[in-house]
Amino acid sequence: MQLLVAAAFISVPPVRHRYGATAMAKAEAELERQGAPTTVLSDNGMRCDAGGSP
């Protein structure tokens, strides 16, 4: 069980690096579709890329 938890934490940076920019673009597109400001995520410190929180 401990190895599974450790693997989950270790996998986060590579997954964010690979899919983060795409996820962020899709999230912003969904905000635009709903009529919300696309900057709401970054204004609240939310990022999906490998950089993490600003």
Side-chain angles (χ1 to χ4, degrees):
M1 185 63 150
Q2 290 175 340
L3 290 176
L4 290 174
V5 172
F9 279 99
I10 291 170
S11 70
V12 170
V15 170
R16 286 180 71 169
H17 178 72
R18 181 173 176 117
Y19 300 108
T22 303
M24 192 68 176
K26 287 184 178 184
E28 289 174 345
E30 181 61 21
L31 286 169
E32 185 175 352
R33 185 188 73 78
Q34 293 181 19
T38 57
T39 59
V40 73
L41 295 175
S42 59
D43 290 347
N44 289 294
M46 298 178 73
R47 292 175 50 183
C48 299
D49 62 356
S53 298

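All residue numbers in this chain count up from 1 along the given sequence.
- Pairs of residues two or more places apart, or lying in two chains, that qualify as salt bridge (charged side-chain N to carboxylate O under 4.0 Å, His left out) and include a residue from residues 33-44 are Glu30-Arg33.
- Of all non-hydrogen atoms in Leu31 and Pro37, the two that sit nearest each other are CD1-O, 3.9 Å.
- Closest non-hydrogen pair, Glu28 versus Thr38, comes out as O-CG2, 3.5 Å.
- For the side-chain contact (heavy atoms from CB on, under 4.5 Å) test, residues two or more places apart in sequence or in another chain that qualify with Val12 are Arg16.
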Which donor-acceptor pairs under 3.5 Å do the side chains of residues 17-25 make with protein atoms, sequence neighbours left out?
none

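- Here Val5 sits in one hydrophobic cluster together with Phe9; the rule is ILVMFWY side chains under 4.5 Å apart, joined directly or through other members.
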